[in-house]
Amino acid sequence: MQFKELIVQETNNICEQLSSYEDRHTSFKELFLTKDTINFGPIKLLDRASIAMRTVILFLTVLTIYFFSTLDYQSIDVLKGFTDTFVNFKTMLLNPYAQRFTLGEAFYNVVVTLGLAFLTTLIGGIVALLLGLLAAQNLAPKQVTNLIKGFVAIIRAVPTILWVLIFAVAAGLGSAAAIIGMSFHSISYLTKAYSESFEDLDRSVIEALMASGANWWQIVFQAVIPSSVTYLLSWTFLRFEINFANAVAMGAAAGAGGIGFDLFMAGGFYFDLREVGFITYLIIAIAIVLEVFSTNIKGKLQKSI
Amino acid sequence: MALLELKNVTKNYNNECCALDNVSFSVDKGEFVSIIGPSGAGKSTLLRCINRMVEASSGEISVDGVISSSLSKKKLRKLRTKIGMIFQHYNLVDRLTVIENVLHGRLGYKSTLAGVLGRYNQEEKSQAYRIIEILGLNEQIYKRCDQLSGGQKQRVGIARALVQNPKIILCDEPIASLDPNASKIIMDHLRNISKEMGITIIVNLHQVEVALKYSDRIIGVNRGKVVFDGAPCDLTTRQIRDIYGSESEDLIFELGERHAG
Ligand SMILES: Nc1ncnc2c1ncn2[C@@H]1O[C@H](COP(=O)(O)OP(=O)(O)OP(=O)(O)O)[C@@H](O)[C@H]1O
Ligand SMILES: [Mg+2]
């Protein structure tokens, strides 16, 4: 049996090597059993990064201790505060109940909020499609793309709520300001996302079509958009989810109506925790439905395209 | 009158000297011309000057009797429909099907709107089918291009060029990423296209032996200059050394083998 012989030979080889090793050094066993004095350094070397890390942790610890020891609780009993908050949460989450509106009205307001999210995503998507094309490096001259990308980055740096408040100066607090402000932020967000999706298509493909006489618009619609359509749709869905959350907040903060406004009234005006709980559950349910829906569609798109 | 004529064409990128240096030659209808030369010699630049994907710095290029350098955007588009081009990396839209990619070759003939909407008429579609069939791709016709092999992709590239009804097809290293078998299929198709359809083929090649086997004529380029222009049988070892400079020893060895074999 050749195979067997081979194995025997190999084993012998290894044994020989081992024993010659043991000749040269002390035996393995000894090495393991010696307790004394192989002096390893510390396992982590103290380099600049770890020094910085330790300093930061130390600093934060000191700061936390200082904060709690000097905090002015005034007349509030901390323990009571915690228990009260807990009780509030319990009423909110365990006894949700709507007094001031019917289920139908609540749904109507959810639809208003969804409408706000949908409209701003739609406006944002359409404008961003155009800007995204002009901001994609494979489709537009460098100066133009830099200009648009810079502009859009500045818009994005300011939070949505601030844009709404800025536009409220001209349009007054309400749904108009909310729509303009939210669209504005959506445009900048989607422009960045879209242009990066467009850049996925290799420049050489575009050149090939140019060389056959196709013009810019034909190339955009026949090559660029078809190859990035999955990305475009998933970015748009993501933005829709963000805009739904924004629309709830805008309903409260900018008086844009919808379920967010109800939440604001229930919490800030009537102090009705059970209603707050009810609305919270409603919003969570919608968010879950949206999530499931968009995951589903994305899955289907990825399969078919 | 020659189909393609270059007169004293020169190209400098960024004012550096000279990707192309005073290149002149003319090519007839149905000719199969190979352009060979070392890397960086200016072969790609030469091809791209012909369809003005690269603007020549000076000189005159005429295609089918039209001088290309002064054309307006619209006329240039029309001229480009007569010039097909295929590439080393195929440059197809990977997420689209074979037939969609092939029909892209028709975009140059269409109005912007019809092209944007992707409206192709019956005649265009049946022509595309016919060409796909000739190139042996009928089983892949509705497959996405990222599911094809390299050789199949290159055939799609050829189909896209053919559907343009071109007078010339420019090929920039069409077989550089293919194995010998697929290379042979591609080169055979190109030769048939030139012989049977009378379409002029201009191919950039790295493999001298392939150029010798398939071409009617070989143009050797070195540092932007045409250093050889003639029939394959006139290409001697010395001239290959002129074209490729000092790194040509192994090429010459291959050539010797071919003559021996
Ligand atoms: N876009 C560009 N900008 C500046 N210089 C360029 C550009 N394209 C090519 N060149 C230069 O022009 C010269 C010729 O390049 P070209 O691509 O035509 O060579 P080639 O013969 O096709 O080489 P290869 O066989 O490697 O493809 C090279 O020196 C290259 O550096
Ligand atoms: Mg090249």
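Since the model is a prediction, treat every value here as computed from it, not as a measurement. Note: hydrogens, waters and symmetry copies are ignored here, and every other heavy atom, side chains too, is used.
Looking at A/Asn215, both its backbone and its side chain come within 4.5 Å of chain B, counting heavy atoms on both sides. Only the backbone of B/Leu92 has a heavy atom closer than 4.5 Å to any heavy atom of chain A. Proximity to chain A (any heavy atom under 4.5 Å) is shown, for B/Lys110, by both the backbone and the side chain.
Within a 6.0 Å sphere centred on CZ of B/Phe25, other residues, nucleotides and ligands contribute more than 12 heavy atoms. Heavy-atom neighbours of A/Phe261 CZ from other residues, nucleotides or ligands within 6.0 Å: at or below the threshold of 12. In A/Trp163, the CH2 atom is crowded: over 12 heavy atoms of neighbouring residues, nucleotides or ligands sit closer than 6.0 Å. Within a 6.0 Å sphere centred on NZ of B/Lys82, heavy atoms belonging to other residues, nucleotides or ligands number more than 12.
Annotation for A/Met210 and B/Met53: closest pair CB-CE, 3.8 Å, computed over non-hydrogen atoms. Across every non-hydrogen atom of A/Val205 and B/Val93, the tightest pair is CG1-CG2, 3.7 Å. Shortest non-hydrogen contact noted between A/Ser227 and B/Arg95 is O-CD, 2.9 Å. Nearest heavy-atom pair across B/Leu107 and A/Ala214 is CB-CB, 3.7 Å.
Here A/Phe221 is the residue among A/Trp216, A/Phe221, A/Trp217 with the most heavy-atom pairs under 4.5 Å with chain B.
To the nearest 0.5 Å, the span separating CG on B/Asp94 from CG on A/Asp202 amounts to 9.5 Å. One finds the CG atom of B/Asn101 at 10.5 Å from the CD atom of A/Gln222 (value rounded to the nearest 0.5 Å).
Only one option out of B/Arg106, B/Arg160, B/Gln164 pairs with A/Ser212 in a side-chain contact (heavy atoms from CB on, under 4.5 Å); it is B/Gln164.
Residues meeting the side-chain contact (heavy atoms from CB on, under 4.5 Å) test with B/Ser72, sequence neighbours left out: B/Lys74, B/Lys75.
Not one N or O on the side chain of B/His104 forms a donor-acceptor pair closer than 3.5 Å with the backbone of A/Leu209. Under a 3.5 Å cut-off, the side chain of B/Arg80 and the backbone N or O of A/Ala211 do not form any donor-acceptor pair.
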